[in-house]
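Here's the structure, in structure tokens; my notes come after.
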Protein chains: 2
Amino acid sequence: MALRNALLAALADRESSGYDLAKKFRSSVANFWTATPQQLYRELEKMEAEGLLSARLVKQDKRPDKRLFSVTGEGRAALLAFSRRSPKPTTVRDELLVQVEALAHGDVASVRASIVEHREASRSRLKGYEQRLRDILGDRTDDEFLATGNRLGPYLTLQRGISFERENIAWAELALGVLARRYPL
Amino acid sequence: MALRNALLAALADRESSGYDLAKKFRSSVANFWTATPQQLYRELEKMEAEGLLSARLVKQDKRPDKRLFSVTGEGRAALLAFSRRSPKPTTVRDELLVQVEALAHGDVASVRASIVEHREASRSRLKGYEQRLRDILGDRTDDEFLATGNRLGPYLTLQRGISFERENIAWAELALGVLARRYPL
DNA sequence: ATTGCATAGTAAAGAAAGTGACTATGGGCC
DNA sequence: GGCCCATAGTCACTTTCTTTACTATGCAAT
């Protein structure tokens, strides 16, 4: 009931295929909503059946045909209605932090390795977000963009993604420092 | 397959009832893992059936009887095995950010109100975490605690919760500032 | 006297999500 | 020629989660 809205939000800007959306969910939407490609394809079918989306088949020469989805009037109405509802509280699922919580009952060396992995993944996502931010800004400063730009929503969610990843990295450094001190190699 | 580990982590420290766990998941574990009471009761049953937990009935005078769960040897082994697995990537579900992403297609006044609500909820959780941190530290400084304390895991996850909520608040301020500028009341 | 809150749970349907395998085309690499 | 990668999906199965609605007890406030 909520993935739909993330899809409507993504499709409201541009017509896309399931494949395009899967990439977008992997690279940027994952910041605030995660979904697997299978989920997307399933949900897109349902939404088309319910009249929120319309689809058109595009034949391609050099690659497989694709279906491009776009938001219908009904879909736009649903998105507007969603924007008026009070959003559910954020939910987080972070297995690494479960491991850290149980540090005293687990394998410290292994958890330490997981923290390092996690930090590297955050660094890599952070780079992607920063690149994307530069793309949105173009040659404008943040301030010029905020005064006149027309992709405020994506700008704001991107900022949240950036600060989240920065905090992930800072936290990982803290945790590794603590572990180095208490559990020397 | 993963909620169990969060439960094992919570129970490894102290024997608890389902009700206790529900409170803990609401107030602190929610930082890195969310679960409803119904999920917990169901999972606890399964885990007891599989031998990861043992339960004992405690009769109470002034309130309903309760069942206290504790981790068995098998449960400890499962937790150790979990700590050695590579954790799945963090997943986030944040409806507010979906609304913000679709700002241009939604009701800005309503989204603004949601951001304010969200900020207040973060402030309140932040206060709770800071209190909990003071409880863990007692009269020690962070540094003394890190040198000798014995609840390092909870300390670290709490730090992550605190920085997360601080960033939520800072982001909300940013977003409200941007909206005030672009969509004056 | 009743309402509301905290404690302590249970039941069961239905929606959503995750997992793994599979089909197909074309391009580039070695 | 064989292999992997990117594109563009589909299918089936299973697990997990959410939602809604229940049962009970005792305390405190109005």
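Chain A is the first sequence line, chain B the second, and so forth, proteins listed ahead of strands; every chain is numbered from 1.
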Short side-chain N/O contact from B/Lys88 to OP1 or OP2 of C/dG18, under 4.0 Å: no
Between C1' of D/dA6 and NZ of A/Lys66, the distance in whole Å: 13 Å
N-O pairing of B/Arg181 and A/Asp143 below 4.0 Å: yes
Over 12 non-hydrogen atoms of neighbours within 6.0 angstrom of CZ in B/Arg140: yes
Interatomic distance where CD belongs to B/Glu45 and C1' belongs to C/dA12 [whole Å]: 15 Å
With B/Asp107 via salt bridge (charged side-chain N to carboxylate O under 4.0 Å, His left out) - residues at least two apart: A/Arg84
Sugar-phosphate, base or nothing in reach of B/Arg42, heavy atoms under 4.0 Å: base
Geometric class of the A/His118/A/Trp171 ring pair [parallel <30°, tilted 30-60°, perpendicular >60°]: perpendicular
Interatomic distance where CG belongs to B/Asp65 and P belongs to C/dT7 [whole Å]: 16 Å
With sequence neighbours excluded, residues passing side-chain contact (heavy atoms from CB on, under 4.5 Å) with B/Thr36: B/Gln38, B/Gln39
Pick out the pairs of N or O atoms, protein on one side and nucleotides 24-28 of chain C on the other, that lie under 3.5 Å.
none

Evaluation steps, side-chain contact (heavy atoms from CB on, under 4.5 Å), between A/Val100 and A/Ile115: CA-CA 9 Å; A/Val100 170; A/Ile115 295 172; 4.3 Å; yes
Sugar-phosphate only, base, or nothing, as touched by A/Arg93 at under 4.0 Å among non-hydrogen atoms: sugar-phosphate
Among B/Leu21, B/Leu79, B/Leu52, side-chain contact (heavy atoms from CB on, under 4.5 Å) partner for B/Leu11: B/Leu21
Distance in angstrom units between B/Phe69 CZ and C/dG9 P, rounded: 7 Å
Carboxylate-amine/guanidinium contact A/Glu15 A/Lys66, below 4.0 Å: no
N/O donor-acceptor pair, side chain B/Gln60 with base D/dG26, under 3.5 angstrom: no
A/Thr36 side chain, from C-beta outward: closest of D/dC17, C/dA16, C/dT19: C/dT19
By side-chain contact (heavy atoms from CB on, under 4.5 Å) - contacts of B/Pro87 (at least two apart): A/Glu95, A/Leu96, A/Gln99, A/Ser114
Rounded distance (nearest 0.5 Å) linking atom NZ of B/Lys24 with atom CG of B/Asp13: 6.0 Å
B/Gln39 vs D/dT18: side-chain N/O to OP1/OP2 distance below 4.0 Å: yes
Within residues 7-34 of chain A: residues closer than 4.0 Å to DNA chain C (heavy atoms): none
Euclidean distance, atom NZ of residue B/Lys59 to atom P of D/dG26 [Å, nearest integer]: 14 Å
Nearest listed nucleotide, side chain of B/Tyr41, among C/dG9, C/dA13, C/dA16: C/dG9
End-to-end axis angle, where each axis spans five pairs of the helix from C/dA1-D/dT30 to C/dC30-D/dG1, to 10°: 30°
Distance, rounded to the nearest Å, where A/Leu44 contributes CG and C/dA17 contributes P: 13 Å
Sidechain N-carboxylate O distance under 4.0 Å for B/Glu101, A/Arg160: no
Salt bridge B/Glu130-B/Lys127, side-chain N to carboxylate O under 4.0 Å: no
Atom-to-atom span, CD of A/Glu43 to P of C/dA16 - whole angstrom: 6 Å
